[in-house]
Amino acid sequence: MSLKCSSLRQPPLPIPPLSLLADKCKSMHQLKQIHAQMIISSRIQDHFAASRLLAFCALSSSGDLSYATRLFNSIQSPNHFMWNTLIRAQASSLNPDKAIFLYMNMRRTGFAPNQHTFTFVLKACSNVRSLNCCKQIHTHVSKSGLDLDLHVVNCLVRCYSVSSDLNNARQVFDEIRNRTLNVWTTMISGYAQSFRANEALMLFDQMLMEGFEPNSVTLASVLSACAQSGCLELGEKVHVFVKMRGFEMGAILGTALVHMYTKNGALAKAKALFDSMPERNIATWNAMISGLASHGHAEEALDLFRKLEKEQIVPNDITFVGVLSACCHAGFIDVGRQIFGSMKRVYGIEPKIEHYGCMVDLLGRCGKVLEAEELIKRMVWKPDVVMWGALLAACKNHGNIEVAERVVKEIIALEPNNHGVYVVLSNMYAEAESMKMQLEILLVQVLFAGLASAADILQNPDFESPPTNLTPNRSTPFVLLNGNNTIPGWTFEGTVQYVTASQTIRLPDNGHAIQLAQDGRINQTFAADGDDLIYILTLTLAPGGQNCSANANLVVSAPDSHGVYSLKQHYGKETWKSYGHYLGRWGQDEPINLVIRSQSTESDDNSTCWPVIDMLLLKTSKTLVQGNDNLLLNGGFEFGPDFLSNSTEGVLLESAPSPIQSALQQWSVIGTVKYIDSKHFYVPKGNAAIEIVSVSAGIQTATTMLTEGSAYNLDFTLGDAKDACEGMFVVRVQAGSLVQNFTVQSLGTGSVIKHSVTFKAGSGSTPISFISYNINQTKDGVFCGPLIDDVVLRASHGFKLQLRLEILIYALVLVAIL
DNA sequence: GTAGGGTTAG
């Protein structure tokens with residue numbers, strides 16, 4: 001082996017500067033020879049020389065930390081520099097906690113930590129994400145009087161941020177008098193990494209206002225915040241600034257830009273940038289692959305993954321989350337199985353719970369319910385509710401009750417108060433026409449297990465369990481009930497008939513129903529179950545005959561609500577309709593009496609079409625709380641009445657003056673709108689959306705959360721629900737004092753456009769509304785209109801921030817011209 | 001003689 005430190009071979013010529021040779025060494029082999037010479041020549045006693053040795057072993061990429069530790073231990077009284085070097089090295093090692101022990105040893109030995117010690121030990125605290133450690137070191141810093149050192153306080157801000165204590169981080173940051181760009185960057189990235197994009201961008205705005213110019217490190221975090229909060233325009237301005245300033249498009253900055261573009265749906269721009277980047281790392285590939293996958297471009301995502309394999313770039317676990325979710329979106333079951341299998345075998349990556357989650361979802365969607373269940377059982381991790389939920393949804397869609405029962409037990413074991421799963425299961429039983437018996441079995445099992453009871457679910461909600469002492473007969477669709485009959489689950493009064501679907505009486509699922517004629521009334525009492533839940537009812541109305549001139553009303557009442565419904569025609573293809581009704585909000589065990597009765601609107605009862613009622617669904621929801629990403633509650637319309645599982649009709653929502661007592665939680669309803677599900681309509685986001693189906697109708701909400709004078713963005717999606725609705729619609733959007741009309745060109749094929757308006761909040765409450773002024777009819781004569789979904793309200797960082805960046809860009813242009 | 005800030009998924 002060649003030895004560059006060849007002068008070692010010529011002792012005892014004048015002793016060369018061994019300490020300098022240590023700095024020039026390339027390997028541990030060379031270093032050990034110098035170490036030996038130092039011992040022989042007693043130079044090891046020289047602290048400076050020993051420090052150089054230590055620095056190489058501890059910090060060099062070709063060093064050896066355990067050798068460094070042994071070397072350190074052999075030194076009789078190490079100085080500050082030596083302690084710091086070893087703490088620094090351990091802080092960035094795989095065991096950063098060792099740095100903290102060293103720091104404690106150092107103090108015990110009587111050494112007062114200096115400013116360097118604090119930066120290194122705080123780095124260790126950051127790497128172990130220990131808030132406790134951070135707080136303790138903070139007190140040491142304060143006592144030592146080093147709390148004015150910018151490096152030290154920067155480390156403190158970073159340490160608090162990564163330990164999820166943004167309040168303390170901000171407090172330390174606020175107390176810094178002469179902030180540097182690095183400190184600003186630390187705080188901005190702290191917010192961005194904690195998914196607090198709004199605060200990150202507000203701070204960035206303040207930074208620009210105070211005259212700091214960002215560098216590429218700052219901008220990487222700003223772009224991350226732009227990606228999270230949908231600020232495409234601001235992100236684009238950052239890109240222009242990066243180009244103007246001539247910042248190098250390194251892997252990190254480039255990845256942040258690619259991610260910002262994909263998150264905002266600008267896939268073409270993301271791909272163009274990705275292709276032009278001189279330098280990429282695995283994160284860049286991940287951002288592009290996941291971006292394509294999440295926007296439904298599964299083929300392109302997989303193509304890119306194959307390109308990555310071809311270029312022999314090593315994927316990581318995040319890459320596989322993206323690739324498997326692409327397979328999941330597109331239903332590529334074989335490719336998914338093959339890639340999942342290759343993770344361990346080819347790349348040595350142990351699949352994590354996220355990867356199993358993708359696979360369970362993929363298998364479930366493709367109907368491989370048993371295989372999905374097997375996969376969950378094979379996992380070393382404890383499956384979470386989300387994963388079981390995905391499997392339950394698959395069971396529901398593919399009608400596998402056997403697996404569904406096992407899944408429900410698992411979910412209830414994890415979340416004893418999760419009642420939604422019983423609803424899913426009972427609906428499945430109903431579909432399998434074996435509900436009563438199975439439900440009894442389930443109830444017994446649940447009671448046996450001492451778990452929550454399923455009593456809050458309505459009994460016999462679709463009247464498929466026939467009244468006692470009565471045999472339904474299709475040739476006699478109406479049978480008058482008398483004192484000898486009881487309807488399972490219900491009590492009745494007045495003129496009530498049991499109805500069987502026939503050629504003249506159409507009913508959901510072609511089953512049975514109840515007609516409430518003169519003074520007819522049914523009621524059922526159930527016990528509210530769960531702490532403070534909101535109850536929303538879906539009820540189905542059918543016409544009571546063909547030869548009648550006047551419709552009667554149906555009155556629904558519960559302790560907190562009262563609603564009057566009459567059958568509306570031309571709002572769907574079927575003669576029967578489902579309506580959403582807000583029932584109330586109750587605490588645990590409250591007895592709720594649900595009463596449904598008929599109400600004549602005409603004096604001539606003989607010509608009245610008494611309403612027929614069928615299929616009642618009860619949905620519960622917790623009180624909505626505001627998330628980080630939307631100042632509006634229920635902006636995605638996910639909290640509304642339940643849908644009939646086989647119905648292509650949607651659920652009609654009638655005027656609801658109060659956003660609280662509304663079946664569409666948090667939204668007042670004006671006129672008639674249709675609540676539509678993703679199973680039967682095109683829904684751009686989530687499982688539900690709104691279609692406005694009457695004239696001058698729509699939805700309205702209001703928020704008191706806004707700061708007067710501040711700018712806000714309202715993003716929303718308008719389009720058509722793929723229900724053969726053709727025409728041009730005008731939707732008037734109001735946000736505070738801003739009113740703007742949007743034209744929706746509908747081909748009825750499921751196309752939508754995302755829109756965004758910016759407005760300044762006034763004092764008091766800010767109204768937000770969507771009103772359609774015209775509707776149309778499909779070829780089948782069904783009223784139809786524009787679709788609305790995904791309404792998001794956020795603080796706007798567009799205006800001021802973009803302006804400030806623009807000023808910086810103009811300044812650069814000027815400098816270039818001059 | 002020693003130091004600080006960054007990107008990707010969920």
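On a predicted model such as this, the values are computed, not experimentally measured, just so you know. Quick note on labels: first sequence line is chain A, next is B, and so on, each numbered from 1. Excluded from the calculations below are hydrogen atoms, water molecules and symmetry mates; all remaining heavy atoms, backbone and side chain alike, are included.
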When the distance from [atom1] of [X] to [atom2] of [N] is rounded to whole Å, what number comes out?
X        : N     : atom1 : atom2 : value
A:Phe305 : B:dT8 : CZ    : P     : 21 Å
A:His47  : B:dT2 : NE2   : C1'   : 16 Å
A:Met207 : B:dG5 : CE    : P     : 16 Å
A:Ile176 : B:dG4 : CD1   : P     : 16 Å
A:Asn182 : B:dG5 : CG    : C1'   : 5 Å
A:Met277 : B:dT7 : CE    : C1'   : 9 Å
A:Lys263 : B:dT8 : NZ    : P     : 10 Å
A:Tyr356 : B:dA9 : OH    : C1'   : 18 Å

Side-chain donor-acceptor pair under 3.5 Å between A:Asp97 and A:Asn127, yes or no?
-> no
Taking atom types as modelled, find out whether A:Ser66 and A:Asp64 have a side-chain donor-acceptor pair closer than 3.5 angstrom.
-> yes
Contact class for [X] vs. all strands (heavy atom < 4.0 Å): base, sugar-phosphate, or nothing?
X        : value
A:Arg52  : base
A:Ser294 : nothing
A:Ser216 : base
A:Asp149 : base
A:Leu150 : base

With A:Phe332 via ring pair (Phe, Tyr, Trp, His ring centres under 6.0 Å) - residues at least two apart | none
Quick check for you: among [options], whose closest atom lies nearest to any side-chain atom of [X]?
X        : options              : result
A:Ser189 : B:dT8, B:dA9, B:dG6  : B:dG6
A:Ala287 : B:dG10, B:dG4, B:dT8 : B:dT8
A:Cys155 : B:dG4, B:dT7, B:dG6  : B:dG4
A:Asn281 : B:dG4, B:dG5, B:dT7  : B:dT7
A:Thr180 : B:dT7, B:dG4, B:dA9  : B:dG4
A:Asn286 : B:dT2, B:dT8, B:dG10 : B:dT8
A:Asn154 : B:dA9, B:dG6, B:dG5  : B:dG5

[X] side chain N/O closer than 4.0 Å to the phosphate oxygens (OP1, OP2) of [N]?
X        : N     : answer
A:His259 : B:dT8 : yes
A:Arg158 : B:dG6 : yes
A:Ser224 : B:dT8 : yes
A:Gln193 : B:dT7 : yes

Whether over 12 other heavy atoms sit under 6.0 Å from A:Glu354 CD =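 Yes, CD of A:Glu354 has more than 12 neighbouring heavy atoms, counting only those of other groups under 6.0 Å.
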A:Glu210, CD atom: more than 12 neighbouring heavy atoms under 6.0 Å | yes
Would you jot down, in residue-number order, the residues of residues 58-89 of chain A having a non-hydrogen atom under 4.0 Å from DNA chain B?
->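 Of all residues in residues 58-89 of chain A, the ones placing a heavy atom under 4.0 Å from DNA chain B are A:Asn79, A:Phe81, A:Asn84, A:Arg88.
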Among residues 117-127 of chain A, which contact DNA chain B at a heavy-atom distance under 4.0 Å?
-> A:Thr119, A:Phe120, A:Lys123
Centroid-centroid under 6.0 Å between A:Phe340 and A:Phe320 rings = no
Let me confirm one number: the [atom1]-[atom2] distance from [X] to [Y], rounded to the nearest 0.5 Å.
X        : Y        : atom1 : atom2 : result
A:Tyr261 : A:Leu273 : OH    : CG    : 7.0 Å
A:Tyr191 : A:Met187 : OH    : CE    : 4.0 Å
A:Asn198 : A:Ser229 : CG    : OG    : 6.0 Å

Please say which of A:Leu324, A:Ile339, A:Ile333, A:Ile376 ends up in a side chain to side chain contact (heavy atoms under 4.5 Å, CB included) with A:Met359.
->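 Among A:Leu324, A:Ile339, A:Ile333, A:Ile376, the one that satisfies the side chain to side chain contact (heavy atoms under 4.5 Å, CB included) with A:Met359 is A:Leu324.
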CA sep, side-chain torsions, deciding dist, call: A:Arg170, A:Asp174, salt bridge (Lys or Arg N to Asp or Glu O under 4.0 Å) | CA-CA 6 Å; A:Arg170 184 60 191 256; A:Asp174 285 339; 3.0 Å; yes
Does the base of B:dG5 carry an N or O that pairs as donor and acceptor with the side chain of A:Asn215 under 3.5 Å?
->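 Answer is yes: a donor-acceptor pair is held.
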